[in-house]
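Everything on this sheet refers to the single structure shown next.
All heavy atoms count here, side chains included; hydrogens, waters and symmetry mates do not. Computed from a prediction, not measured in an experiment: that's the story for all the values here.
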Amino acid sequence: MTSAPLVSVVTPFRNTAAYLSECIQSVLAQTYTNFEYILVDNCSTDGSQEIASDFARRDPRIHFLKRHELLPQVSNYNAALERISERSEYCKIVQADDAIFPDCLRLMVEAFQQSDSVGLVSSYYLKGTTVRGSGFPYPATFMSGRELAKFYLRTGTFFFGSPTTVMYRSSLIRTGRQFYDESLLHEDTEKCMQILQEWDFGFVHQVLSFLRLGNDSISCRVRHFCPDSLDWYIITQRYAPVFLQKEEASALMRRTHREYYQLLAHEAIRLPSLDFWRYHVDGLKTLGSSLEKGYLSLQVLKKVSGLVLNPAHTVRRIFSHFQRKRQVPKNFGIA
């Protein structure tokens with residue numbers, strides 16, 4: 001396949017020895033063989049370096065790089081992406097605790113080759129034991145980027161998964177600027193939205209990647225902080241004016257603003273940790289916004305009034321809450 005487009009596969013990692021071999025093997029098992037594989041260790045201390053080094057000795061397509069100074073996760077991703085070949089046409093990140101299925105690279109390259117205007121490709125993906133990413137109109141495999149963004153904003157149908165789920169056109173990475181904006185809370189989702197402003201979208205109606213649950217990733221550590229609600233609020237507030245007409249954008253922004261603060265009010269009654277509030281305050285800062293304490297207080301008051309005026313429903317919810325807590329295994333959440 002020497003005449004086939006070169007694909008750069010990139011796996012940045014730190015202390016993922018438990019999963020790294022499975023990840024690397026899934027890349028080396030691809031039916032599409034014209035790829036380079038860049039492994040970048042971010043000062044691991046658990047044996048991950050030795051695993052990567054061993055694979056690199058046995059396969060010349062692997063380029064193994066070791067950092068001597070610890071970087072934040074997104075900075076490490078950006079630095080790793082800077083190492084892709086000048087000949088690379090497409091780039092696939094495979095996060096170290098994830099894996100891709102054998103036809104992943106081949107089918108994603110085919111999706112790109114529909115048009116030179118395609119800048120981003122995605123597919124169905126397996127998240128834990130659940131297939132995600134459905135909703136793209138079948139049997140279509142192509143949509144203009146702006147139409148796809150509108151579809152996402154109007155329906156909330158999420159096609160981007162994680163960096164493991166998508167493939168990028170390499171020219172978008174080789175711009176001389178950092179690929180992921182390190183100032184953003186969900187930089188990978190926002191990168192997809194930025195790409196769709198200028199480029200089109202390809203989709204493969206196959207499950208091509210596996211995203212692991214329950215590991216010590218950033219997403220798992222904040223799962224109790226309602227990250228999806230904050231992400232959706234940020235996306236709609238920032239990108240509705242970019243992709244939608246003014247009236248539709250304003251209506252969507254008002255609705256998601258109300259729903260987001262209703263969610264915060266619901267959580268406030270449960271007395272979340274300070275880390276919960278720090279997470280949301282920091283996320284809102286990426287919008288140039290701050291927590292609207294007056295509006296939040298109003299939503300809390302409405303929520304409390306509803307509980308007081310409907311005591312039977314309140315008792316049932318409290319009972320159901322404690323029943324669920326009793327059903328949680330004793331070792332839940334313990335590494």
Strictly distance-based, threshold 3.5 Å: is any side-chain N or O of Ser162 a donor or acceptor partner for the main-chain N or O of Thr164?
yes
Between Glu187 and Lys191, does any NZ, NE, NH1 or NH2 come within less than 4.0 Å of an OD or OE carboxylate oxygen?
no
If you measure only the distance, is there a donor-acceptor pair under 3.5 Å linking the side chains of Asp103 and Gln206?
no
State whether Arg169 and Glu89 are salt-bridged, where the test is any N-O pair (Lys NZ or Arg NE/NH1/NH2 against Asp/Glu carboxylate O) under 4.0 Å.
no
State, to 0.1 Å, how close Gln95 and Cys23 come at their nearest heavy-atom pair, and which atoms those are.
O-SG, 3.6 Å
Side-chain donor-acceptor pair present, Glu190, Gln194, cut-off under 3.5 Å:
no
Atom CG of Leu120 and atom CD1 of Ile195: how far apart are they, to the nearest 0.5 Å?
5.0 Å
Once you round to the nearest 0.5 Å, how far does CG of Asp41 lie from OG1 of Thr16?
8.0 Å
Spell out, as yes or no, whether a donor-acceptor pair under 3.5 Å connects the side chain of Arg146 to the backbone of Val242.
yes
Indicate yes or no: at least one non-hydrogen side-chain atom of Arg106 is less than 4.5 angstrom from one of Gln30.
no
Can you label the angle between the Tyr37 ring and the Phe35 ring as parallel, tilted or perpendicular, going by 30° and 60°?
perpendicular
Does the side chain of Lys150 come within less than 4.5 Å of Leu244's, by heavy atoms?
yes
Do Ser123 and His205 come close enough that some side-chain heavy atom pair is under 4.5 Å?
no
What's the shortest heavy-atom distance between Asn34 and Ala4, and which atoms?
ND2-O, 2.6 Å
Check: Asp181/Ser183 side-chain N/O donor and acceptor closer than 3.5 Å
yes
Check whether Phe160 and Leu153 end up in the same hydrophobic cluster, where Ile, Leu, Val, Met, Phe, Trp and Tyr are linked by side-chain heavy atoms less than 4.5 Å apart.
yes
Ignoring hydrogens, what is the shortest heavy-atom contact between Phe159 and Ser134? Give both atom names and the distance.
CE2-O, 4.0 Å
Ser209 and Tyr124: CA distance, side-chain angles, deciding distance, side chain to side chain contact (heavy atoms under 4.5 Å, CB included) verdict:
CA-CA 8 Å; Ser209 58; Tyr124 306 133; over 6 Å; no
For the residue pair Ser53 and Arg57, confirm or rule out a side-chain donor-acceptor distance under 3.5 Å.
yes
Can you confirm whether Cys43 sits close enough to Arg14 that some side-chain heavy atom of one is under 4.5 Å from a side-chain heavy atom of the other?
yes
Exercise: identify the closest heavy-atom pair between Glu69 and Asn42:
O-OD1, 3.9 Å
Close side-chain approach of Val281 to Arg278, heavy-atom, < 4.5 Å:
no
Separation between CZ (Phe203) and CG (Leu107), nearest 0.5 Å, reads 12.0 Å
Salt bridge flag under 4.0 Å for residues Glu82 and Arg174:
no
With Tyr261, which residues qualify under ring pair (Phe, Tyr, Trp, His ring centres under 6.0 Å), at least two apart?
His257, Tyr295
For a quick check under 3.5 Å, do Tyr233 and Glu259 share a side-chain donor-acceptor pair by atom type?
no
Linking I/L/V/M/F/W/Y whenever any side-chain heavy atoms sit under 4.5 Å apart, do Tyr125 and Leu208 land together?
no
Do Met253 and Arg258 make a side-chain contact, defined as non-hydrogen atoms from C-beta onward lying under 4.5 Å apart?
no
What do you reckon, are the aromatic ring centroids of Tyr152 and Trp232 less than 6.0 Å apart?
yes
Closest contact, heavy atoms only, Ala265 versus Leu296
N-CD1, 3.7 Å
Test side chain to side chain contact (heavy atoms under 4.5 Å, CB included) on Met167 and Ile93; report intermediate values, then the result.
CA-CA 7 Å; Met167 182 182 280; Ile93 291 177; over 6 Å; no
When every non-hydrogen atom of Ile84 is compared with those of Ser8, the smallest separation belongs to CB-OG, 3.5 Å
Between CG of Leu213 and CG of Leu211, what distance do you get to the nearest 0.5 Å?
7.5 Å
Between CD1 of Ile173 and CZ of Arg83, what distance do you get to the nearest 0.5 Å?
14.5 Å
In this structure, would Val7 and Leu28 fall into the same cluster of hydrophobic residues linked by side-chain contacts under 4.5 Å?
yes
I'd like to check Phe101 versus Phe210 (side-chain heavy atoms, cut-off strictly below 4.5 Å). Are they in contact?
yes
Check whether any side-chain heavy atom of Phe276 lies under 4.5 Å from a side-chain heavy atom of Leu264, and answer yes or no.
yes
Pairwise distance OG1(Thr11) to CZ(Phe55) - rounded to 0.5 angstrom:
11.5 Å
I would like to know whether Lys92 and Val10 meet side chain to side chain contact (heavy atoms under 4.5 Å, CB included); could you show each step before the answer?
CA-CA 6 Å; Lys92 181 96 178 84; Val10 181; over 6 Å; no
Using only heavy-atom distances, determine whether the side chains of Asp200 and Ser144 contain a donor-acceptor pair under 3.5 Å.
no
N-O pairing of Glu267 and Lys303 below 4.0 Å:
no
Run Leu81 and Tyr168 through side chain to side chain contact (heavy atoms under 4.5 Å, CB included) and show every step you take.
CA-CA 11 Å; Leu81 289 170; Tyr168 307 107; 5.9 Å; no
So that I can tick it off, tell me whether Arg58 and Asp54 are bridged by a salt bridge, with the cut-off set at under 4.0 angstrom between side-chain N and carboxylate O.
yes
According to a hydrophobic-cluster definition based on side-chain heavy atoms being under 4.5 Å apart (Ile, Leu, Val, Met, Phe, Trp, Tyr only), do Leu65 and Phe179 belong together?
yes
Kindly assign one of parallel, tilted or perpendicular to the pair Tyr90 and Phe112, based on the angle between their ring planes and the thresholds 30° and 60°.
parallel
